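The structure appears right after this line, and notes come after that.
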Amino acid sequence: MKKRDVLKSAEPHYDKNEVLELELAIDTAITAHEGQKRRSGEEYVAHPLNVANTLIEWGMDIDTVIAGVLHDTVEDTELTLEKIESSFGHDVAFLVDGVTKVGQARAGMRDIDSYLPSTRDNLSKLLIAVGQDLRVIIIKLADRLHNLQTLEHMPRDKQLKIARESLEVFAPMADRLGMGRVRMQMEELAFSFLEPKEFRRLRKIMKDRLGKSHRKLAVVRKEFSEELTRQGITHEMDGRVKSIYSLKRKLEKTDDNIDDIYDLIALRIIVEDQETCYRVLGMLHSQYQPMLGRIKDYIAAPKPNGYQSLHTTVITPTKQVVEFQVRTRKMHEYAERGLAASFHYHEQKQAKDYKKKRGTSTLPAQLQWISQMQEVADKLSEGDEVAFDELKVDLFDQRIFVYSPKGDIYNLPQGALPLDFAYLVHSDIGKHAYSFRINGNIAPFDRKLHNGDVIEVVTRKLSLPRQAWMDLVTTVHARNKLRAQLKQLGIIETLTSASAIIRDKAVRKARKSIK
Ligand code: MN
């Protein structure tokens, strides 16, 4: 990647002054990294330029792109944060600082279970950096993606470490942010380095399979596209091939029987609005025979990361099994780019709102976890006590959606308990919780919540929190609120950090044994 390539991809999307600023940043990076080489023998600066180019492709705002150009300078060169701030402003400097901190934190986090103060300190840095601005993580994802793309030049042990870390931390992070395409790219690359033989075997299986069905599929695609046109429905249709890594995961579930996998290839239909999505679904079901149990309405009930689409698998008259995915352009954008789509240069206003209010109020329901994380980051930066090791769990666990009786949606980690819900709704509701009704039935305090549960919290003014509740909450949010209330009521003494950690550890163990 060269300076002129980056400028060329930037020109159509940013105004003249922004492109000039980008050019200045590139020149600054070239000077700063002068003489440094990557393992491939390339000039080092090719790496940050690649990262910046990816950020342009993702449609990020200019500050993020510039921070991408400069992301390794503070760590690896003479350039200082002060210099960056005076040349490129506070936002760029803040982002570069965040990326640098995340890098340092990851390096110190090899043993996430150890309670050494340095680990703790690093984790705090990480969370503060992330919590204050999600664009830091988006830059970090672009950085990691390029490192994976150039992993072949690394020694084997480094390859394994980076690939594993990508699968365990970065791909789930991308998924959590709804960045489906990045997640897939990372998984594919990481898997190909972790298990090269298995990767090649599956790729061959896939190729053989697809060869057989490609032509038949083209017939179905043409036939249905023509039908849509006849009905006056403006649409785009393309085929998406399942990734090798998700094939592997699927095969593990189906006892290695590839015949049980119907979505090796799916036809994706993009239409103008939500109403048309349902109309197209109806057309599919009247033209072909739908397979029962394989119709999924992710529009009415989005996936926890915000993914929306209608999925259905149908059988054609020629006995071809085909999965269709129907969505609007906007849903498609989100499925591919996720949260990054909110920073799109076309949505500058939204991005500005985000920066001003730190976005939590403008984030969709499925991304509530972000505001919870930011809350924790605030506490950390103020030096407050938090159950820090729980954060990893909150962040990477699967999420569920539950509802209040009024139909408001709340997003919680899997394994959450009724009190977690109560505290999420309001700390006073948690405080005075007396009993719970889930889907209309009285439920005990230790009933695990499931996706789609409707939860009613019965409160009584005189009912107050008890010490034992500490074992009946699982989220950081609920735990912190409850602990504060218990302290206030004089029910527990202020816990020292050591005993807080021991107790959290014990609770976690107890919870595991319940699962
Ligand atoms: Mn880098």
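These numbers come from a predicted model, not from an experiment.
With contacts defined as side-chain heavy-atom distances shorter than 4.5 Å, the pair Asp143/Phe170 does not qualify. With a 4.5 Å cut-off on side-chain heavy atoms, Leu247 and Arg203 do not count as touching. Contact of the Leu264 side chain with the Val241 side chain is not registered, since no non-hydrogen atoms from C-beta on lie closer than 4.5 Å. Leu194 has its side chain within reach of Leu160: a pair of non-hydrogen atoms, C-beta onward, lies under 4.5 Å apart. Annotation: side chain of His47 is not in contact with side chain of His33 (no heavy-atom distance under 4.5 Å). Residues Leu95 and Val99 form no side-chain contact, since every pair of their non-hydrogen atoms from C-beta on lies 4.5 Å or further apart. Looking at Leu472 and Asp446, their side chains come closer than 4.5 Å, going by heavy atoms from C-beta outward. Side-chain atoms of His153 and Lys158, non-hydrogen and from C-beta on, never get closer than 4.5 Å to each other.
Of the inter-residue distances, the one linking Ile66 atom CD1 with Ile139 atom CD1 reads 11.0 Å to the nearest 0.5 angstrom. In this structure, CG on Leu141 lies 15.0 Å from NE2 on His146, to the nearest 0.5 angstrom. Atom NE2 of His332 and atom CD of Gln325 lie 10.0 Å apart (nearest 0.5 Å). One finds the NZ atom of Lys448 at 8.0 Å from the CD atom of Gln414 (value rounded to the nearest 0.5 Å). Atom CD of residue Gln289 and atom CD1 of residue Ile315 lie 4.5 Å apart, to the nearest 0.5 angstrom. With rounding to the nearest 0.5 Å, the separation of CG in Asp76 from OG1 in Thr100 is 9.0 Å.
For Gln159 (side chain) and Met154 (main-chain N/O), a donor-acceptor pair under 3.5 Å exists by modelled atom type. Of the possible donor and acceptor atoms, one in the side chain of Arg479 sits under 3.5 Å from a partner among the backbone N and O of Val473.
Closest heavy-atom contact between Tyr14 and Val65: OH-CG2, 3.5 Å. Between Ile269 and Phe324, the closest heavy-atom pair is CD1-CD2, 3.7 Å. Taking both residues in full, the closest heavy atoms of Ala190 and Ala163 are given as CB-O, 3.5 Å, listed atom of the first, atom of the second, then distance. The shortest non-hydrogen separation linking Leu55 to Gly68 is CD1-CA, 3.8 Å. Of all non-hydrogen atoms in Val326 and Ser309, the two that sit nearest each other are O-OG, 3.4 Å. Residues Asn53 and Asp5 share a closest heavy-atom pair of OD1-O, 4.2 Å.
When the salt bridge (charged side-chain N to carboxylate O under 4.0 Å, His left out) test is applied to Arg294, the partners found at least two apart in sequence or on another chain are Glu323. For Lys296, the side-chain contact (heavy atoms from CB on, under 4.5 Å) partners two or more places apart in sequence, or in a different chain, are Tyr298, His311. Take Asp297 and apply the side-chain contact (heavy atoms from CB on, under 4.5 Å) test, not counting sequence neighbours, and it matches Tyr278, Ile299, Ala300, Leu310. For the salt bridge (charged side-chain N to carboxylate O under 4.0 Å, His left out) test, no residue two or more places apart in sequence or in another chain qualifies with Arg249.
Side-chain contact, His235 with Ser225: a donor N or O sits under 3.5 Å from an acceptor N or O. A donor atom on one side chain and an acceptor atom on the other are not found under 3.5 Å apart for Asp420 and His477. A side-chain N or O of His285 and one of Thr312 form a donor-acceptor pair less than 3.5 Å apart.
When each of Phe199, Phe193, Phe191 is paired with Tyr245, the ring pair (Phe, Tyr, Trp, His ring centres under 6.0 Å) condition holds for Phe191 and for no other.
Residues in residues 38-51 take part in these salt bridge (Lys or Arg N to Asp or Glu O under 4.0 Å) pairs, two or more places apart or across chains: Lys37-Glu43.
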Anything under 3.5 Å between a donor and an acceptor, one on a side chain of residues 178-186, the other on a protein residue two or more places apart or in another chain? List them.
| residue | atom | partner | partner atom | Å |
| --- | --- | --- | --- | --- |
| Arg181 | NE | Glu336 | OE1 | 3.2 |
| Arg183 | NE | Glu187 | OE2 | 3.4 |
| Arg183 | NH1 | Asp175 | OD1 | 3.4 |

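The local environment of CZ in Arg156 is crowded, with over 12 non-hydrogen atoms from other residues, nucleotides or ligands closer than 6.0 Å.
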key: Leu251 vs Leu202, side chain to side chain contact (heavy atoms under 4.5 Å, CB included): CA-CA, chis, key distance, verdict   = CA-CA 10 Å; Leu251 283 173; Leu202 292 176; 3.5 Å; yes
inquiry  = Before you tell me yes or no, could you show the steps for Leu49 and Lys2 under side chain to side chain contact (heavy atoms under 4.5 Å, CB included), namely the whole-Å CA-CA distance, both residues' side-chain angles and the distance that decides it to 0.1 Å?
reply    = CA-CA 7 Å; Leu49 291 185; Lys2 290 264 188 318; 5.7 Å; no
ask   = Stepwise, does the side chain to side chain contact (heavy atoms under 4.5 Å, CB included) test hold for Leu449 with Leu412?
value = CA-CA 9 Å; Leu449 302 182; Leu412 283 163; 3.8 Å; yes
Side chain to side chain contact (heavy atoms under 4.5 Å, CB included) between Asn147 and Leu151, worked out = CA-CA 6 Å; Asn147 285 336; Leu151 204 53; 5.8 Å; no
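A salt bridge links Asp208 to Lys204: one of the charged nitrogens lies within less than 4.0 Å of a carboxylate oxygen. Residues Lys248 and Glu252 are paired through a salt bridge, judged by an N-O separation under 4.0 Å between the basic side chain and the carboxylate.
Using cut-offs of 30° and 60° on the angle between ring planes, the pair Phe421 and Tyr410 is perpendicular.
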